[in-house]
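Per chain, numbering begins at 1; letters A, B, ... match sequence-line order. Bear in mind the structure is a predicted one, so any value in this text is a computation, not a measurement.
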Number of protein chains: 2
Amino acid sequence: MGSGEDSGVGADYPQRATIRDVAARAGVSIGTASKALNASGSLRQETRDRVVAAANELGFRPNAMAQSLHRSRSMTVGVLTTDSFGRFIFPILEALEETLAGHGIAIFMCNATDDPEREQQHLDQLLGKRIDGLLVTARRMDRRPAIAVPGKSMPVIYVFSQSDDPDALCLLPDDHGGAVLAVEHLIATGRRRIAHITGPAEFEAVTLRHQGYVDTLARAGLPALPEHYLNGLWSEAWGREAVDQLFADAATAPDALFCGNDQIARGASDALRERGLTVPQDVAVVGFDNWDVMALAARPPLSSVDMNLHRLGRAAGERLIAMIGGERIRGVERLPCSLVVRPSSAPAGHTDTTQQNQNS
Amino acid sequence: MGSGEDSGVGADYPQRATIRDVAARAGVSIGTASKALNASGSLRQETRDRVVAAANELGFRPNAMAQSLHRSRSMTVGVLTTDSFGRFIFPILEALEETLAGHGIAIFMCNATDDPEREQQHLDQLLGKRIDGLLVTARRMDRRPAIAVPGKSMPVIYVFSQSDDPDALCLLPDDHGGAVLAVEHLIATGRRRIAHITGPAEFEAVTLRHQGYVDTLARAGLPALPEHYLNGLWSEAWGREAVDQLFADAATAPDALFCGNDQIARGASDALRERGLTVPQDVAVVGFDNWDVMALAARPPLSSVDMNLHRLGRAAGERLIAMIGGERIRGVERLPCSLVVRPSSAPAGHTDTTQQNQNS
DNA sequence: ACAATTTCGGAAAAGGTTTTCTTTGATCGT
DNA sequence: ACGATCAAAGAAAACCTTTTCCGAAATTGT
């Protein structure tokens, strides 16, 4: 101990200048200084300038906590992820952050990793920080229990996850519509025997996309064969295995695959190639998620449904700001997906086109 | 306007209870209430209990902003990502959040997407919020300019990125050591003609890993052939292409590939299979990043160097807390990587083992 | 029973800002 | 030149806690 001149314990950094320092330097009272800096009140121009100059010289930056205390608006919101930040959450977060930052709102990031106790701790902490709003994301499979915010006191939005709280707003991609886009595209490019390989049936998204698939086939007068609908894991290995099943019997072999995600699609595409089938000439493939790492690395590159997560994040930010402003929004809102067409499903000529539908 | 009973503009939610309410309900002064709730001062047990009961009944939660104002410690830190949150940043963030949350510190997330102006705005905002510390992450390629925190006033750590600020602390994975691990493993399993396929030479990581590769070969008395070192992109396509180059001339064909990331490794592995070469019998493959999506989906699953990003994040949190506590830490700290052995390099029998070296 | 000590609880300042209300001094009208 | 009006700046309250200092009551010792 005692090496150097700083006392050794605690962060004894120089205190930042306060408005009191600014006022002193400008030779005015703190009230006047405040007015000058906020362009409010009625002051002589010369006085304003003097105060502003003093503030700049001191590198003054108003203490947001003191301001918030006064305004009882913290200008912060919490983002609570139930499962850990996954690949899907990123683009949402990014857009959310951008949107909120544009309104001067900062984000507290919390991650509860599916531990209810940690979730509660985080929530307590956020409540203590007097966040103006809360955004909850979770793994999509489960309809998560409502977050217990005391006294209905704060706007809450669930993004990419759903809650059973009827007063909350849930923002989700339109899985049904995404499936419709994919299947319509396959039909439009001449496919008639379209199979659907997807993930575990417990996921609501799986059900919804399947429904979109079935509905679209029906509307086109095509049969939805039971043996063309395969549930499994979200993995490439499952994609390969599913192709083996589908093509075991040449009689019922499909001429197109609509896959529940890009990993399945890529696995399927690999398996097709190894069977000597050409994508897209023999079999067209469309994936879901438009995850570039998968979709672009596949051979040929995969057509895929894009959930427009960036837009979802932006929408979440906008809704949250509206709710903080006093609007009451609730219910489930599903935002449209788009289809990105790449060679895996393209009739020669088309490539990398984006289609988009309305909410369906 | 005027529909319903709420005034219509602004978030007119019920105010949270303050300590003043608690004090009133317990029939004590606010000072006493504070002492009771913080287990400080000298109070009768009965009084404490009464106050605590009142607090619970009201759902009282102390206003962290008021506390911080008083203590001049905001119990928050900022995380500023220069490029947008990438795949590598996630595990770091996750561990960081966990570590800091354990100390009651919350995280402001900001993303500047390589825009210096946005970076400055975010920094201003964070400074206004009186964060206790700042953590900066960036794309690793460039040694980023130092963040301009006025007056050396606050602890700053660069994680997974490096700054030219000699006073800052930079936390990075030990790329050199990671490469050493990989190449030693390949040598230990009997390989003698080891090639290195990697990304663009501008990345410092590429240089360091290459150095580790060269050093290890030299130590083993093996030659580092220039035609066995290939720079390209970080993609599967480049991995495939590189294999074509390497195996064009059978005379110089390698018996092992050390790849700069898992995507390259996977592409290489695919290309080998398509050439009729078996992994690992004919050619062993080791990747870098241990990105499960790639490493596990490859056939066979890829051995890979793990940068232990989770540990890196945890270390960052711990260092930051130490610095906030008054310690001055600086310089560049490189944390060890591990090697995860999977079938792509395993001599039959070994599988999914982790090795780890000391800082090298 | 009285002074000395302890125990308990209250009052008030501090932390940094905004805003409302006053006050001061100047300008205007007649 | 005098009261009325207006502009400009200051004083103080409020936001919510914590903490230091004090006073009052209760306890102890003799």
Side-chain angles (χ1 to χ4, degrees), chain A residues 11 13-52 54-55 58-76 104 125 127-132, chain B residues 10-11 13-52 54-55 58-75 104 125 127-132:
Chain A
Y13 293 107
Q15 289 289 344
R16 288 201 66 98
T18 74
I19 200 172
R20 162 168 252 112
D21 302 321
V22 174
R25 178 174 256 257
V28 297
S29 74
I30 61 176
T32 305
S34 174
K35 288 171 207 158
L37 294 169
N38 295 304
S40 69
S42 94
L43 274 65
R44 239 180 319 160
Q45 188 58 43
E46 188 271 330
T47 313
R48 279 189 207 286
D49 296 344
R50 198 149 37 93
V51 172
V52 170
L58 293 170
F60 170 74
R61 183 153 304 292
N63 184 322
M65 293 181 302
Q67 292 181 317
S68 300
L69 198 53
H70 183 83
R71 307 196 172 122
S72 49
R73 284 273 272 101
S74 68
M75 303 299 277
T76 60
Q125 217 200 61
L127 254 30
K129 302 238 185 249
R130 296 296 189 271
I131 51 171
D132 296 329
Chain B
Y13 293 107
Q15 289 289 344
R16 288 201 66 97
T18 75
I19 199 171
R20 160 167 253 112
D21 303 320
V22 175
R25 178 175 255 257
V28 298
S29 74
I30 60 176
T32 305
S34 173
K35 288 170 206 158
L37 294 170
N38 295 304
S40 69
S42 93
L43 273 65
R44 238 180 320 160
Q45 188 58 42
E46 188 269 331
T47 312
R48 280 189 207 286
D49 296 344
R50 198 150 34 94
V51 173
V52 170
L58 293 171
F60 170 73
R61 183 152 302 292
N63 184 321
M65 293 180 303
Q67 292 180 316
S68 299
L69 198 54
H70 184 82
R71 306 197 172 120
S72 47
R73 284 272 273 99
S74 67
M75 302 300 277
Q125 215 200 65
L127 254 29
K129 302 238 184 248
R130 297 297 188 268
I131 51 171
D132 296 329

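End-to-end axis angle for the helix from C:dA1-D:dT30 to C:dT30-D:dA1, using five pairs per end and rounding to 10°, comes out at 50°.
Remark: the backbone N or O of B:G128 is not paired with any side-chain donor or acceptor of A:R61 at under 3.5 angstrom.
Note that CG of B:D132 and CZ of B:R73 are 4.5 Å apart. Values are rounded to the nearest 0.5 Å. For the atom pair CE of A:M75 and CD of A:Q67, the computed distance is 9.5 Å after rounding to the nearest 0.5 Å.
Closest of all the heavy-atom pairs between A:L37 and A:A55 is CD2-CB, 3.8 Å. Smallest separation of non-hydrogen atoms from A:A66 and B:L69: CB-CD1, 4.0 Å. Scanning all heavy atoms of the two residues, the minimum distance from B:I19 to B:I30 falls at CD1-O, 4.0 Å.
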CA sep, side-chain torsions, deciding dist, call: A:S74, B:M65, side chain to side chain contact (heavy atoms under 4.5 Å, CB included): CA-CA 8 Å; A:S74 68; B:M65 293 180 303; 4.0 Å; yes
Where protein sits on nucleotides 9-18 of chain D, one letter per nucleotide: B base, S sugar-phosphate only, - none, heavy atoms under 4.0 Å: SB---BBBBB
